[in-house]
Protein chains: 2
Amino acid sequence: MEHQPKKKATIYDLSVLSGSSPSTVSAVLNGTWRKRRIKESTAELIRDLADRHQYTANLQARGLRSSRSGLVGLLLPVHDNRYFSSMAQSFEAHVRSRGQCPIVVSACRDPEEERRTVETLISYSVDELIVAGATDPDGVHAVCIGSGLKHVNIDLPGSKAPSVISDNYQGARMLTEAIIRHFSDDLKLGPDELYLFGGRDDHASRERIRGFRAIKRELMQGDSDKCIEPTGYSPNMAQIAFERFYEREGKLPRGLFINSSINFEGLLRFMAQHPNEAFLDIVVGCYDYDPFGSFLPFPVIMIRQDIEGMITKAFEIMAENRPSVQTYLIQPELVPPRTALKGPLDAIKDIA
Amino acid sequence: MEHQPKKKATIYDLSVLSGSSPSTVSAVLNGTWRKRRIKESTAELIRDLADRHQYTANLQARGLRSSRSGLVGLLLPVHDNRYFSSMAQSFEAHVRSRGQCPIVVSACRDPEEERRTVETLISYSVDELIVAGATDPDGVHAVCIGSGLKHVNIDLPGSKAPSVISDNYQGARMLTEAIIRHFSDDLKLGPDELYLFGGRDDHASRERIRGFRAIKRELMQGDSDKCIEPTGYSPNMAQIAFERFYEREGKLPRGLFINSSINFEGLLRFMAQHPNEAFLDIVVGCYDYDPFGSFLPFPVIMIRQDIEGMITKAFEIMAENRPSVQTYLIQPELVPPRTALKGPLDAIKDIA
DNA sequence: CATTTTTGCACAATCGATGGTGCAATGAAT
DNA sequence: ATTCATTGCACCATCGATTGTGCAAAAATG
């Protein structure tokens with residue numbers, strides 16, 4: 001790496017070069033110059049100098065003075081699954097289109113880490129924040145309020161800030177019904193053959209369980225507590241749950257409602273230990289969409305949450321000056337087996 | 001949202017409260033106080049005040065003064081696939097463990113956007129940058145050098161900065177060989193039945209193609225140009241390529257080398273249009289690992305790149321003071337069909 | 001030509017933290 | 001009792017931009 005760290009030009013450098021004052025240069029370069037009645041020709045001169053010297057504003061200085069930063073944050077639980085990575089992708093596009101700079105961070109579902117991370121973002125004066133799938137949204141809220149940071153919860157609601165979430169109850173109803181109806185009449189599923197795996201004690205899981213049970217009672221006239229196995233959001237715990245079930249019963253339930261694609265990965269781990277024959281007659285419904293998951297060797301019905309819709313709504317809310325603390329439900333979509341949906345990447349031109 | 005934007009406490013506030021000077025407060029709170037011979041008791045007092053008032057440093061101010069920020073950047077092409085989202089996940093863990101703040105941004109494979117984004121990061125005085133899969137690494141390099149920003153390429157190499165990439169040639173050889181050997185003797189694959197789809201004119205694609213062809217010649221005594229179909233990194237283009245092939249030949253090649261999981265999604269889209277029977281006898285090798293992809297209804301052999309290894313190496317290089325401009329190869333791993341590997345998420349404790 | 005208005009810009013304070021320098025008070029040494 | 005070293009901290013310039021204010025020169029008005 002050959003170095004040539006010619007320090008970056010500042011407004012003071014341009015001020016000297018142009019013969020104008022720093023404030024004039026500043027005004028010209030940040031667009032407020034008309035308001036300050038700077039002559040067109042002066043502006044032109046300065047702009048010219050600026051890009052001849054590759055001037056770019058020091059955003060820390062600007063941020064310090066104006067206590068805004070042009071940064072918009074997205075706090076994720078984790079990066080590594082298609083739901084949240086799609087969210088990051090949509091988020092970035094939105095923020096970019098508003099001329100701001102997106103920054104995405106994850107906090108591993110750790111309430112402590114969530115708060116620390118947001119503290120850090122605040123120290124950089126991020127202008128707005130979307131809090132996605134936080135384990136402790138109200139804790140994050142407390143931190144935000146302390147510094148007047150605008151924020152909206154998404155995916156998991158909080159009780160103190162506006163929230164945009166998908167309609168988990170409806171979604172779970174659709175998904176459960178689709179699983180049941182996927183079985184033909186002669187192989188009809190019994191209430192004890194339809195299980196829900198995954199999730200924990202959060203709002204989304206509770207709603208999904210509620211929807212699941214409601215439909216079971218409506219369509220199957222039966223539902224028992226033992227058909228629910230929360231495993232947390234970890235592939236490993238889910239795998240263990242599947243293994244235990246299999247050991248106990250000698251087979252998996254024919255109907256499986258899986259709470260998230262992360263838990264679905266637990267089923268994959270289970271699959272790796274067992275021959276495909278063990279999955280011949282099962283039907284899986286997964287609350288989350290993953291394109292590869294949709295084409296597995298058994299029917300996989302998925303719910304795709306309307307990420308784009310949620311993000312859009314979240315930004316709308318943040319644009320209001322005194323948003324009301326309420327939870328907005330966004331309708332998700334049922335995805336039949338073997339479906340390859342387009343995603344945020346399709347918006348990107350690829351120069352083959 | 002009830003507001004209570006009690007503006008954040010500054011060292012000046014604490015200075016008044018403690019009766020010490022701002023510089024003393026600053027020194028105490030940033031850890032340089034022993035060097036400045038501050039009395040233990042003074043320090044204690046100030047620390048006490050600081051957390052009673054929930055002081056947190058204004059990092060923009062600190063960054064402005066010290067022209068460093070504590071930020072470490074990762075520039076990705078896109079978020080939305082398991083390869084890059086795993087990378088983001090590993091990256092975050094690394095940066096966090098060093099007490100810095102990770103920020104992940106994507107630039108959509110657009111050279112212009114890549115440079116602009118890095119400009120922005122520089123304006124925030126990011127301390128270091130990992131440039132992953134950049135379309136124009138040398139363009140990014142030019143921007144970085146202008147401000148002395150330490151950076152390392154990863155995934156795709158540049159010619160002006162150190163690069164860490166996976167050994168695409170070896171990986172492609174392993175993968176191609178695995179595909180060929182997956183066919184039994186009586187159903188042996190012919191050279192004209194093994195195609196490579198996807199990729200574009202970048203270093204990784206070229207190396208993979210080179211490895212692919214080398215093995216074809218060694219093992220099959222044959223290889224022709226028509227067996228290579230670069231489609232860019234887009235699901236859509238790949239789908240179109242598969243459709244065209246299918247129309248022309250009435251079937252897909254029995255052996256498919258797919259350049260990336262993104263292109264693999266193109267095959268999914270194709271699959272959605274055709275019955276499973278069209279895939280009965282195919283074997284897919286995909287250069288990239290996706291847990292769900294590994295369990296599709298036909299054999300899928302995958303290459304998992306050693307993301308953790310690449311990130312680790314990249315940080316090692318950035319720690320050197322005058323790293324040499326060379327390309328380090330990291331060995332990837334062959335993943336047999338129906339394999340569920342652990343990923344960065346498994347490092348995260350889940351409070352079920 | 002005298003006065004008012006408008007134009008065009010410079011000045012200087014400010015945002016919050018950092019770090020070099022200088023100086024008084026205290027203790028040690030002679 | 002002096003002198004010297006050490007301790008403990010305050011002072012102030014600085015990083016690069018923003019923004020309210022003030023004031024000369026030019027233009028418009030009577």
Side-chain angles (χ1 to χ4, degrees), chain A residues 5 7-46 50 53-71 119-120 122-125 127 147-148, chain B residues 5 7-47 50 53-70 119-120 122-125 127 147-148:
Chain A
K7 340 211 291 276
K8 300 186 66 73
T10 70
I11 53 171
Y12 298 95
D13 302 331
L14 297 182
S15 149
V16 172
L17 290 170
S18 68
S20 315
S21 76
S23 58
T24 300
V25 174
S26 169
V28 168
L29 295 175
N30 71 23
T32 61
W33 58 285
R34 291 196 175 285
K35 209 163 45 197
R36 283 179 162 275
R37 302 195 306 252
I38 308 293
K39 229 193 309 182
E40 176 67 53
S41 65
T42 313
E44 199 141 1
L45 169 65
I46 291 177
H53 290 76
Q54 318 208 65
Y55 170 84
T56 54
N58 180 319
L59 299 181
Q60 304 218 54
R62 171 180 296 171
L64 173 57
R65 184 58 236 264
S66 56
S67 61
R68 297 180 324 98
S69 65
L71 297 174
E119 288 279 14
T120 305
I122 288 175
S123 300
Y124 286 109
S125 307
D127 298 333
S147 66
Chain B
K7 341 211 292 277
K8 300 186 64 75
T10 70
I11 53 170
Y12 298 96
D13 303 331
L14 297 181
S15 147
V16 172
L17 290 170
S18 68
S20 313
S21 75
S23 59
T24 299
V25 175
S26 168
V28 168
L29 296 175
N30 70 23
T32 60
W33 58 284
R34 291 197 173 286
K35 210 163 44 198
R36 282 178 161 273
R37 301 194 310 248
I38 309 291
K39 229 193 306 180
E40 177 68 50
S41 66
T42 312
E44 199 142 357
L45 169 66
I46 292 178
R47 273 192 306 253
H53 290 77
Q54 317 209 63
Y55 170 84
T56 55
N58 180 320
L59 300 181
Q60 303 217 58
R62 172 180 295 170
L64 173 57
R65 185 58 234 263
S66 57
S67 61
R68 297 180 324 99
S69 64
E119 289 278 13
T120 306
I122 289 175
S123 299
Y124 286 108
S125 307
D127 298 334
S147 65

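What you see below is based on every heavy atom in this structure, not just the backbone, and it leaves out hydrogens, waters and symmetry mates. Lettering of chains follows the sequences in order, A, B, ..., and the numbering in each one begins at 1. Here the structure is a predicted model, which is why all the values come from computation and not from measurement.
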**Request:** Start with the C-alpha gap between B/V28 and B/R47, add the side-chain angles, then the distance that decides, and say whether side-chain contact (heavy atoms from CB on, under 4.5 Å) holds.
**Result:** CA-CA 7 Å; B/V28 168; B/R47 273 192 306 253; 4.0 Å; yes
**Item:** 5'-most by nearest nucleotide on DNA chain C - B/R62 or A/A61
**Value:** A/A61
**Message:** Base, sugar-phosphate or nothing for A/A27? Non-hydrogen atoms, less than 4.0 Å.
**Reply:**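 Here A/A27 touches no strand at all.
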**Request:** Describe the nucleic acid contact of B/S66 in one word from base, sugar-phosphate, nothing, applying a heavy-atom distance below 4.0 Å.
**Result:**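 Contact class for B/S66: none.
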Look only at the side chain of [X] and the backbone of [Y], and say whether a donor-acceptor pair between them is shorter than 3.5 Å.
X      : Y      : result
B/T42  : B/I38  : no
B/S20  : B/S15  : no
A/S123 : A/E119 : yes
A/D127 : A/G70  : yes
B/S18  : B/L14  : yes
A/S69  : A/G63  : no

**Request:** Answer yes if the side chains of B/T24 and B/S21 hold a donor-acceptor pair under 3.5 Å, and no otherwise.
**Result:**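 Yes, B/S21 and B/T24 have a side-chain donor paired with an acceptor closer than 3.5 Å.
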**Asked** Should A/W33 and A/K39 be marked as a side-chain contact (heavy atoms from CB on, under 4.5 Å) after you check the CA-CA gap, both sets of side-chain angles, and the distance that decides it?
**Response** CA-CA 9 Å; A/W33 58 285; A/K39 229 193 309 182; over 6 Å; no
**Message:** To the nearest 10°, give me the bend of the helix from C/dC1-D/dG30 to C/dT30-D/dA1, comparing the axes of its five terminal pairs at either end.
**Reply:**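 Its terminal axes enclose an angle near 50°.
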**Item:** A/D13: salt bridge (Lys or Arg N to Asp or Glu O under 4.0 Å) partners, not counting sequence neighbours
**Value:** none
**Which residue lies more 5' along DNA chain D, comparing B/L64 with B/S23 via nearest heavy atoms** =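 Counting from the 5' end, the first nearest nucleotide belongs to B/S23.
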**Item:** Positional range of nucleotides in DNA chain C within the contact set of chain A, heavy-atom, under 4.0 Å
**Value:**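 The contact span of chain A on DNA chain C goes from C/dT7 to C/dG16.
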**Item:** Nucleic acid contacts of residues 33-44 of chain B, taken as heavy-atom distances under 4.0 Å to DNA chain D
**Value:** B/R36, B/R37, B/I38, B/K39, B/T42
**Asked** Among residues 12-21 of chain A, which contact DNA chain D at a heavy-atom distance under 4.0 Å?
**Response**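 Residues of residues 12-21 of chain A that come under 4.0 Å of DNA chain D are, in numerical order, A/Y12.
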Do [X] and [Y] have side-chain heavy atoms sitting under 4.5 Å apart?
X     : Y      : answer
A/R34 : A/E40  : yes
A/S41 : A/L45  : no
A/Q60 : B/S125 : yes
B/T56 : A/I122 : no

**Asked** Going through the distances and angles, do B/T120 and A/L59 end up as a side-chain contact (heavy atoms from CB on, under 4.5 Å)?
**Response** CA-CA 8 Å; B/T120 306; A/L59 299 181; 4.3 Å; yes
**Message:** Distance under 4.0 Å to a non-hydrogen atom of chain B counts as contact; along DNA chain D, which nucleotides mark the start and end?
**Reply:**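 Going 5' to 3' along DNA chain D, contacts run D/dT7 to D/dG16.
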